[in-house]
Amino acid sequence: MKMKETKKHKVFVQGAITPEFIAASIAKHSAKTTIGAHDIFLGQVRMDTIDGKVVQAIDYSSYKDMAEEKFHEIREQAFNKFNLTCMHIYHSEGLVKAGAICLFVFVSSARRAMAFDACKWIVEEIKANVPIWGKEIFEDNTFVWKENIK
Amino acid sequence: MKMKETKKHKVFVQGAITPEFIAASIAKHSAKTTIGAHDIFLGQVRMDTIDGKVVQAIDYSSYKDMAEEKFHEIREQAFNKFNLTCMHIYHSEGLVKAGAICLFVFVSSARRAMAFDACKWIVEEIKANVPIWGKEIFEDNTFVWKENIK
Amino acid sequence: MQLKFFGKLAEVTGKPTMEITSIADTDSLLNKLLQDFPKLKEYNILIAVDKKIVKQNQQLESHNEVALLPPFAGG
Amino acid sequence: MQLKFFGKLAEVTGKPTMEITSIADTDSLLNKLLQDFPKLKEYNILIAVDKKIVKQNQQLESHNEVALLPPFAGG
């Protein structure tokens with residue numbers, strides 16, 4: 001793997017990712033005038049019903065050192081595979097209420113095809129390879145461990 | 001085509017689509033707690049150099065009655081083709097400066113695969129079938145008509 | 001019948017709308033326009049009748065809304 | 001050598017970390033853990049050595065950081 005940049009980017013955000021944070025991130029890109037297309041993926045906590053109980057929040061934990069290394073690898077690989085202008089990944093740690101945003105993947109490119117392909121690839125890589133877990137917490141404070149499906 | 005809903009949704013926005021507008025749109029979805037995944041596409045005006053001159057802005061015009069009808073058809077077809085919770089399309093009319101957002105497609109679904117597929121499909125449909133044109137305006141106020149490439 | 005011209009086509013004709021009478025169908029319309037405005041031959045032109053793109057020759061009636069459209073460039 | 005347990009695996013073992021000595025390789029480690037905590041047999045377990053997922057048996061040395069991970073569920 002070619003190492004284009006070695007700077008580690010901060011990915012983990014305490015609690016939910018707010019719409020204001022997303023707006024500020026979009027606004028910063030107006031200075032990058034070679035960008036023609038952004039694709040943004042947002043993961044939102046669902047109020048699923050599991051065995052009759054309703055999910056109120058997810059409490060995210062991770063093997064943080066390994067997760068940060070994996071996020072960095074995904075970033076490097078994405079820049080090698082796709083012709084991107086820039087990319088950002090943010091993932092929540094700790095408690096995120098149902099309806100709030102827990103994952104924010106932001107990919108920018110000159111043209112749309114690359115942005116779409118890269119964003120989807122990055123989200124699949126995160127789900128498959130980054131050691132993060134979530135407790136789905138019910139009204140009565142019991143919980144189950146979240147399992148990922150497509 | 002099955003007509004699920006007949007309400008016309010306002011698509012055209014005067015000038016650029018602001019990050020604050022996008023944030024407000026994201027925030028509204030926190031009440032829809034069956035949503036697990038959003039995919040957002042943003043088109044941004046590039047500062048392209050054409051024959052030595054630099055694009056400063058795009059002035060968008062449309063055959064508005066037909067464009068609104070097409071946007072409505074795309075919306076109906078998207079709900080028939082994909083399992084979506086909701087979707088929104090916004091497109092600028094009039095002047096949008098380089099670096100600003102001119103297209104905002106926002107698709108929400110329980111799971112990510114549908115959101116990704118639908119968002120990409122909708123953007124391609126807009127580019128192919130909606131009668132919108134743009135003048136790419138240079139520093140000296142001359143212009144060329146924008147041509148779309150993937 | 002009213003014709004509408006959009007984008008660079010309106011630049012060629014010099015006006016966004018035009019009245020036209022006794023035109024049988026879209027092929028005849030296109031031929032007449034290409035005679036009146038030879039520069040239109042340089043462009044790809046789509047014809048919309050009542051806001052639907054016409055792909056084959058179509059009869060025209062006076063109540064139709066006919067629009068001449070250059071390739072779309074939204075987004 | 002320090003073992004780390006994450007997610008539901010830490011619930012089964014009752015603690016997030018554990019010291020272990022003289023274990024030759026990852027297969028032996030897994031066998032020992034399944035003996036000590038039979039409930040672990042119910043779970044899919046990934047082993048990471050120095051933050052890299054191990055897919056085949058691997059020699060272990062005392063300086064390695066070894067982690068036992070349930071299936072990932074980010075996003």
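In what follows, every chain begins at residue 1, and chains take the letters A, B, ... in the order their sequences are listed.
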Could you tell me whether the side chain of F72(D) reaches within less than 4.5 Å of the side chain of K70(A), counting heavy atoms only? no

Tell me, side chain or backbone of [X] under 4.5 Å from chain D's heavy atoms, or both, or neither?
X       : answer
S62(A)  : backbone
A128(A) : backbone
I132(A) : both

Are more than 12 heavy atoms, taken from residues, nucleotides or ligands other than [X], located less than 6.0 Å from that residue's [atom1] atom?
X      : atom1 : answer
N44(D) : CG    : no
K8(D)  : NZ    : yes
Q56(D) : CD    : no

Measuring from [X]:[atom1] to [Y]:[atom2], what's the distance to the nearest 0.5 Å?
X       : Y      : atom1 : atom2 : answer
M66(A)  : I53(D) : CE    : CD1   : 3.5 Å
F143(A) : E11(D) : CZ    : CD    : 4.0 Å
Y63(A)  : L46(D) : OH    : CG    : 12.5 Å

G74(D) and N148(A) have their tightest heavy-atom pair at O-ND2, 2.9 Å

Are any side-chain N or O atoms of [X] and backbone N or O atoms of [Y], one a donor and one an acceptor, separated by less than 3.5 Å?
X       : Y      : result
W133(A) : L69(D) : no
K146(A) : G75(D) : yes
W145(A) : G7(D)  : no

Do the side chains of E68(A) and K51(D) get close enough for a salt bridge, i.e. N-O under 4.0 angstrom?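 Judged by the 4.0 Å cut-off on N to carboxylate O distance, E68(A) and K51(D) do not form a salt bridge.
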
